[in-house]
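As the structure is a computational prediction, the values presented were derived from the model and not from experiment. Lettering follows sequence order; numbering is per chain, from 1.
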Protein chains: 2
Amino acid sequence: MRMTPQRQLVLDALRELEHATPEQVCRHVQRVTPSVNITTIYRTLELLEELELIRHTHLGHGPPTYSLHEHQHVHLVCHRCGRVDESPRAVMDQLCGTLRAAHGFVLDAAHLALSGTCRDCTRETT
Amino acid sequence: MRMTPQRQLVLDALRELEHATPEQVCRHVQRVTPSVNITTIYRTLELLEELELIRHTHLGHGPPTYSLHEHQHVHLVCHRCGRVDESPRAVMDQLCGTLRAAHGFVLDAAHLALSGTCRDCTRETT
DNA sequence: GTAAATGCAAACATTTTGCACGATT
DNA sequence: AATCGTGCAAAATGTTTGCATTTAC
(Lines give C-alpha, C1' and ligand atoms only; values in the text may rest on other atoms or scores of the structure.)
Protein backbone atom coordinates (compact mmCIF):
# COMPACT_ATOMS: atom_id res chain seq x y z
CA MET A 1 0.00 0.00 0.00
CA ARG A 2 1.16 3.49 -0.82
CA MET A 3 1.47 6.43 1.49
CA THR A 4 0.10 9.09 -0.78
CA PRO A 5 -0.08 12.79 0.12
CA GLN A 6 -3.85 12.50 0.50
CA ARG A 7 -3.57 9.70 3.02
CA GLN A 8 -0.94 11.55 4.97
CA LEU A 9 -3.16 14.63 4.99
CA VAL A 10 -6.09 12.68 6.42
CA LEU A 11 -3.93 11.27 9.20
CA ASP A 12 -2.53 14.72 9.94
CA ALA A 13 -6.03 16.16 10.05
CA LEU A 14 -7.15 13.56 12.59
CA ARG A 15 -4.05 14.14 14.68
CA GLU A 16 -4.89 17.83 14.84
CA LEU A 17 -8.66 17.62 15.14
CA GLU A 18 -8.63 14.70 17.62
CA HIS A 19 -12.00 13.61 16.35
CA ALA A 20 -13.91 14.72 13.29
CA THR A 21 -16.60 13.74 10.82
CA PRO A 22 -15.65 12.95 7.21
CA GLU A 23 -16.95 16.39 6.27
CA GLN A 24 -14.77 18.10 8.87
CA VAL A 25 -11.71 16.10 7.82
CA CYS A 26 -12.39 17.12 4.24
CA ARG A 27 -12.59 20.81 5.03
CA HIS A 28 -9.42 20.61 7.09
CA VAL A 29 -7.52 18.80 4.33
CA GLN A 30 -8.80 21.17 1.68
CA ARG A 31 -7.37 24.16 3.52
CA VAL A 32 -3.94 22.76 2.55
CA THR A 33 -4.83 21.01 -0.70
CA PRO A 34 -8.16 22.15 -2.11
CA SER A 35 -8.18 19.63 -4.93
CA VAL A 36 -8.73 16.66 -2.64
CA ASN A 37 -12.13 15.15 -3.24
CA ILE A 38 -14.51 14.07 -0.50
CA THR A 39 -14.73 10.65 -2.13
CA THR A 40 -11.05 10.18 -1.39
CA ILE A 41 -11.65 11.18 2.21
CA TYR A 42 -14.27 8.47 2.59
CA ARG A 43 -12.12 5.86 0.91
CA THR A 44 -9.07 6.83 2.93
CA LEU A 45 -10.96 6.75 6.22
CA GLU A 46 -12.23 3.29 5.36
CA LEU A 47 -8.74 2.10 4.49
CA LEU A 48 -7.06 3.57 7.55
CA GLU A 49 -9.71 1.96 9.70
CA GLU A 50 -9.04 -1.47 8.19
CA LEU A 51 -5.37 -0.92 8.98
CA GLU A 52 -6.43 -0.09 12.54
CA LEU A 53 -4.71 3.25 12.44
CA ILE A 54 -7.98 5.01 13.12
CA ARG A 55 -11.43 4.12 14.42
CA HIS A 56 -14.87 5.66 14.31
CA THR A 57 -17.50 6.38 16.92
CA HIS A 58 -21.22 6.99 16.55
CA LEU A 59 -22.28 9.91 18.65
CA GLY A 60 -25.97 9.49 17.92
CA HIS A 61 -27.51 11.73 15.28
CA GLY A 62 -25.38 12.73 12.36
CA PRO A 63 -22.30 11.29 10.77
CA PRO A 64 -19.73 9.20 12.63
CA THR A 65 -16.57 10.79 13.98
CA TYR A 66 -13.13 9.39 13.31
CA SER A 67 -10.09 9.55 15.54
CA LEU A 68 -6.66 8.00 15.87
CA HIS A 69 -6.85 4.45 17.11
CA GLU A 70 -4.86 5.09 20.27
CA HIS A 71 -7.15 7.96 21.19
CA GLN A 72 -9.49 5.70 23.20
CA HIS A 73 -12.13 6.99 25.51
CA VAL A 74 -15.82 6.92 26.25
CA HIS A 75 -17.86 9.72 24.73
CA LEU A 76 -20.64 11.37 26.68
CA VAL A 77 -23.03 13.20 24.39
CA CYS A 78 -25.53 15.66 25.78
CA HIS A 79 -28.80 15.29 23.92
CA ARG A 80 -29.88 18.78 24.87
CA CYS A 81 -26.90 20.94 23.87
CA GLY A 82 -24.93 18.45 21.77
CA ARG A 83 -21.78 18.85 23.83
CA VAL A 84 -19.39 15.88 23.75
CA ASP A 85 -17.47 15.12 26.91
CA GLU A 86 -14.94 12.35 27.42
CA SER A 87 -14.32 9.88 30.17
CA PRO A 88 -11.57 7.29 30.57
CA ARG A 89 -12.39 3.82 29.32
CA ALA A 90 -12.03 2.46 32.82
CA VAL A 91 -15.43 3.78 33.91
CA MET A 92 -16.91 0.97 31.82
CA ASP A 93 -14.85 -1.84 33.35
CA GLN A 94 -17.47 -3.10 35.75
CA LEU A 95 -20.25 -2.96 33.16
CA CYS A 96 -17.92 -4.71 30.78
CA GLY A 97 -17.54 -7.62 33.18
CA THR A 98 -21.27 -7.78 33.88
CA LEU A 99 -22.19 -7.96 30.22
CA ARG A 100 -19.60 -10.59 29.51
CA ALA A 101 -20.87 -12.74 32.34
CA ALA A 102 -24.57 -12.27 31.60
CA HIS A 103 -24.59 -12.26 27.79
CA GLY A 104 -21.15 -13.36 26.63
CA PHE A 105 -20.99 -9.90 25.13
CA VAL A 106 -17.54 -8.35 24.80
CA LEU A 107 -18.01 -4.61 25.04
CA ASP A 108 -16.19 -2.16 22.79
CA ALA A 109 -16.50 0.85 25.04
CA ALA A 110 -15.24 3.40 22.54
CA HIS A 111 -17.35 2.61 19.49
CA LEU A 112 -20.62 4.03 20.66
CA ALA A 113 -21.20 7.10 22.77
CA LEU A 114 -23.32 7.36 25.86
CA SER A 115 -26.22 9.75 25.78
CA GLY A 116 -27.63 11.85 28.55
CA THR A 117 -27.82 15.35 29.97
CA CYS A 118 -24.66 17.26 30.80
CA ARG A 119 -24.04 19.14 34.00
CA ASP A 120 -24.97 22.55 32.62
CA CYS A 121 -28.18 21.39 30.99
CA THR A 122 -29.22 19.51 34.10
CA ARG A 123 -28.77 22.67 36.13
CA GLU A 124 -30.86 24.69 33.69
CA THR A 125 -33.74 22.26 33.87
CA THR A 126 -34.10 22.55 37.63
CA MET B 1 -54.38 16.59 18.46
CA ARG B 2 -56.22 14.12 16.30
CA MET B 3 -56.03 10.38 16.41
CA THR B 4 -55.93 9.59 12.73
CA PRO B 5 -55.88 6.07 11.31
CA GLN B 6 -52.28 6.64 10.21
CA ARG B 7 -51.14 7.50 13.71
CA GLN B 8 -52.92 4.51 15.15
CA LEU B 9 -51.27 2.31 12.53
CA VAL B 10 -47.81 3.55 13.44
CA LEU B 11 -48.42 2.86 17.12
CA ASP B 12 -49.77 -0.59 16.29
CA ALA B 13 -46.75 -1.30 14.14
CA LEU B 14 -44.37 -0.41 16.96
CA ARG B 15 -46.35 -2.51 19.40
CA GLU B 16 -45.97 -5.50 17.11
CA LEU B 17 -42.42 -4.93 15.89
CA GLU B 18 -41.07 -3.91 19.32
CA HIS B 19 -38.44 -1.80 17.63
CA ALA B 20 -38.12 -0.74 14.04
CA THR B 21 -36.63 1.82 11.70
CA PRO B 22 -38.92 4.32 9.93
CA GLU B 23 -38.55 2.22 6.79
CA GLN B 24 -39.62 -0.95 8.60
CA VAL B 25 -42.57 0.81 10.23
CA CYS B 26 -43.60 2.07 6.80
CA ARG B 27 -43.50 -1.37 5.22
CA HIS B 28 -45.48 -2.83 8.13
CA VAL B 29 -48.13 -0.12 7.93
CA GLN B 30 -48.38 -0.40 4.16
CA ARG B 31 -49.25 -4.07 4.41
CA VAL B 32 -52.56 -2.91 5.91
CA THR B 33 -52.95 0.45 4.20
CA PRO B 34 -50.68 0.77 1.16
CA SER B 35 -51.55 4.40 0.54
CA VAL B 36 -49.71 5.65 3.62
CA ASN B 37 -46.72 7.72 2.64
CA ILE B 38 -43.29 7.46 4.23
CA THR B 39 -43.39 11.20 4.86
CA THR B 40 -46.31 10.63 7.18
CA ILE B 41 -44.38 7.92 8.96
CA TYR B 42 -41.54 10.33 9.67
CA ARG B 43 -43.87 13.08 10.80
CA THR B 44 -45.86 10.71 12.98
CA LEU B 45 -42.78 9.25 14.61
CA GLU B 46 -41.56 12.75 15.41
CA LEU B 47 -44.92 13.70 16.89
CA LEU B 48 -45.33 10.56 18.96
CA GLU B 49 -41.85 11.07 20.31
CA GLU B 50 -42.67 14.62 21.41
CA LEU B 51 -45.70 13.21 23.20
CA GLU B 52 -43.36 10.71 24.85
CA LEU B 53 -45.38 7.76 23.62
CA ILE B 54 -42.36 6.41 21.78
CA ARG B 55 -38.60 6.93 21.79
CA HIS B 56 -35.75 6.24 19.45
CA THR B 57 -32.38 4.59 19.83
CA HIS B 58 -29.26 4.81 17.68
CA LEU B 59 -27.82 1.38 17.15
CA GLY B 60 -24.74 2.65 15.36
CA HIS B 61 -24.73 2.50 11.59
CA GLY B 62 -27.94 3.11 9.78
CA PRO B 63 -31.22 4.71 10.68
CA PRO B 64 -32.50 5.00 14.26
CA THR B 65 -34.97 2.47 15.63
CA TYR B 66 -38.17 3.49 17.35
CA SER B 67 -39.99 1.67 20.11
CA LEU B 68 -42.76 2.26 22.62
CA HIS B 69 -41.63 4.51 25.42
CA GLU B 70 -42.23 1.95 28.15
CA HIS B 71 -40.15 -0.61 26.29
CA GLN B 72 -36.94 0.48 28.04
CA HIS B 73 -33.77 -1.50 27.89
CA VAL B 74 -30.14 -1.33 26.97
CA HIS B 75 -29.30 -2.48 23.45
CA LEU B 76 -26.23 -4.55 22.78
CA VAL B 77 -25.25 -4.43 19.12
CA CYS B 78 -22.75 -6.89 17.71
CA HIS B 79 -20.52 -5.07 15.26
CA ARG B 80 -19.61 -8.31 13.53
CA CYS B 81 -23.00 -9.90 12.81
CA GLY B 82 -25.31 -6.96 13.52
CA ARG B 83 -27.37 -8.87 16.04
CA VAL B 84 -29.16 -6.75 18.64
CA ASP B 85 -29.50 -8.17 22.13
CA GLU B 86 -31.18 -6.54 25.10
CA SER B 87 -30.28 -6.16 28.72
CA PRO B 88 -32.25 -4.65 31.61
CA ARG B 89 -31.57 -1.00 32.34
CA ALA B 90 -30.27 -1.94 35.76
CA VAL B 91 -26.94 -3.15 34.38
CA MET B 92 -26.09 0.52 33.86
CA ASP B 93 -26.95 1.64 37.39
CA GLN B 94 -23.44 1.69 38.75
CA LEU B 95 -22.00 3.41 35.67
CA CYS B 96 -24.85 5.86 35.91
CA GLY B 97 -23.80 6.84 39.43
CA THR B 98 -20.13 7.07 38.49
CA LEU B 99 -20.80 9.42 35.58
CA ARG B 100 -23.08 11.61 37.62
CA ALA B 101 -20.46 11.94 40.34
CA ALA B 102 -17.49 12.46 38.04
CA HIS B 103 -19.04 14.60 35.28
CA GLY B 104 -22.45 15.69 36.50
CA PHE B 105 -23.67 13.70 33.52
CA VAL B 106 -27.14 12.16 33.82
CA LEU B 107 -27.12 9.03 31.70
CA ASP B 108 -30.03 8.09 29.45
CA ALA B 109 -29.23 4.40 29.23
CA ALA B 110 -31.74 3.56 26.54
CA HIS B 111 -30.99 6.18 23.90
CA LEU B 112 -27.74 4.83 22.61
CA ALA B 113 -26.78 1.23 22.17
CA LEU B 114 -23.63 -0.46 23.37
CA SER B 115 -21.37 -1.97 20.78
CA GLY B 116 -19.23 -5.05 20.99
CA THR B 117 -18.94 -8.66 19.95
CA CYS B 118 -21.72 -11.12 20.77
CA ARG B 119 -21.22 -14.56 22.25
CA ASP B 120 -21.40 -16.42 18.95
CA CYS B 121 -19.01 -14.12 17.14
CA THR B 122 -16.55 -14.21 20.02
CA ARG B 123 -16.56 -17.99 19.82
CA GLU B 124 -15.94 -17.97 16.09
CA THR B 125 -12.92 -15.71 16.42
CA THR B 126 -11.14 -18.04 18.80
C1' DG C 1 -66.20 25.42 8.54
C1' DT C 2 -61.60 25.43 10.04
C1' DA C 3 -57.38 23.95 11.40
C1' DA C 4 -54.71 20.06 11.27
C1' DA C 5 -52.99 16.04 8.79
C1' DT C 6 -51.85 13.71 4.58
C1' DG C 7 -49.85 12.57 -0.01
C1' DC C 8 -46.97 13.77 -3.53
C1' DA C 9 -43.02 15.71 -5.64
C1' DA C 10 -38.99 17.76 -5.11
C1' DA C 11 -35.07 19.18 -2.36
C1' DC C 12 -31.48 17.94 0.68
C1' DA C 13 -27.60 15.66 3.05
C1' DT C 14 -24.60 11.94 3.37
C1' DT C 15 -22.35 8.07 1.47
C1' DT C 16 -21.27 4.79 -2.29
C1' DT C 17 -20.20 3.33 -6.99
C1' DG C 18 -18.46 3.25 -11.91
C1' DC C 19 -15.19 4.74 -14.74
C1' DA C 20 -11.51 7.19 -16.97
C1' DC C 21 -7.29 9.48 -15.98
C1' DG C 22 -2.99 9.95 -13.45
C1' DA C 23 0.71 8.47 -10.43
C1' DT C 24 3.92 4.85 -8.51
C1' DT C 25 6.73 1.02 -8.75
C1' DA D 1 3.45 -1.95 -18.42
C1' DA D 2 0.72 -3.06 -14.61
C1' DT D 3 -1.32 -1.72 -10.53
C1' DC D 4 -3.04 1.25 -7.42
C1' DG D 5 -5.10 5.70 -6.22
C1' DT D 6 -7.70 9.79 -7.40
C1' DG D 7 -11.26 12.92 -9.16
C1' DC D 8 -15.53 13.50 -11.15
C1' DA D 9 -20.23 12.44 -12.11
C1' DA D 10 -23.98 9.89 -11.02
C1' DA D 11 -26.56 6.80 -8.12
C1' DA D 12 -28.18 5.25 -3.77
C1' DT D 13 -29.87 6.10 0.81
C1' DG D 14 -32.23 8.41 4.44
C1' DT D 15 -34.70 12.49 5.70
C1' DT D 16 -37.02 17.03 5.16
C1' DT D 17 -39.83 20.64 2.99
C1' DG D 18 -43.48 23.12 0.18
C1' DC D 19 -47.84 22.91 -1.31
C1' DA D 20 -52.41 21.41 -2.74
C1' DT D 21 -55.93 18.29 -1.12
C1' DT D 22 -58.34 15.77 2.32
C1' DT D 23 -59.89 14.75 6.90
C1' DA D 24 -61.14 14.98 11.85
C1' DC D 25 -63.20 17.59 14.91
Apply side-chain contact (heavy atoms from CB on, under 4.5 Å) to residues A/Met3 and A/Leu11 and explain how you reach the verdict. CA-CA 11 Å; A/Met3 181 46 79; A/Leu11 272 175; 4.2 Å; yes
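Relative orientation of the B/His61 and A/His111 rings is tilted, given thresholds of 30° and 60° on the angle between their planes.
The main-chain N or O of A/Val36 is never found under 3.5 Å from a side-chain atom of A/Thr33 such that the two would form a donor-acceptor pair.
Using modelled atom types and a 3.5 Å distance limit, the side chains of B/His103 and A/Ser87 yield a donor-acceptor pair. A donor and an acceptor atom, one from each side chain of B/His73 and B/Glu86, are located under 3.5 Å apart.
Applying a 4.0 Å cut-off to non-hydrogen atoms, the residues of residues 39-55 of chain B that approach DNA chain C are B/Thr39, B/Thr40, B/Arg43, listed by residue number.
When distances run from any side-chain atom of B/Pro22 to the nucleotides D/dT15, C/dT6, D/dG7, the shortest one goes to D/dT15.
A salt bridge does not link B/Arg7 with B/Asp12: none of the charged nitrogens is closer than 4.0 Å to a carboxylate oxygen. A salt bridge does not link A/Asp85 with A/Arg119: none of the charged nitrogens is closer than 4.0 Å to a carboxylate oxygen.
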What string of B, S and - do you get for nucleotides 20-25 of chain D 5' to 3' if you count protein non-hydrogen atoms under 4.0 Å? ---BBS
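For the pair B/Asn37 CG and C/dG7 P, the computed distance is 6 Å after rounding to whole Å. We find that CD of A/Gln8 is positioned 16 Å from C1' of D/dG5, with the value rounded to whole Å. If you take CG of A/Leu9 and P of D/dT6, they are 10 Å apart, rounded to a whole angstrom. In this structure, A/His56 atom NE2 and C/dT14 atom P are separated by 16 Å, rounded to whole Å. When the C1' atom of D/dG14 is taken as reference, atom NE2 of A/His58 falls 15 Å away, rounded to whole Å. The distance between atom CZ of B/Arg27 and atom P of D/dT13, rounded to the nearest whole Å, is 12 Å. One atom, NE2 of B/His61, and another, C1' of C/dT16, lie 15 Å apart when rounded to the nearest Å.
Heavy-atom contacts from other residues, nucleotides or ligands closer than 6.0 Å to CD of B/Glu49 number more than 12.
Within the hydrophobic cluster formed by Ile, Leu, Val, Met, Phe, Trp and Tyr side chains joined at under 4.5 Å, directly or through other members, B/Leu99 is accompanied by A/Val74, A/Leu76, A/Val91, A/Met92, A/Leu95, A/Leu99, A/Phe105, A/Leu107, A/Leu114, B/Val74, B/Leu76, B/Val91, B/Met92, B/Leu95, B/Phe105, B/Leu107, B/Leu114.
Contacts of A/Ser35 with the nucleic acid, taken as non-hydrogen atoms under 4.0 Å apart, involve only primed sugar atoms and P, OP1 or OP2.
One finds a side-chain N or O of A/Gln6 lying less than 4.0 angstrom from the OP1 or OP2 phosphate oxygen of D/dG7.
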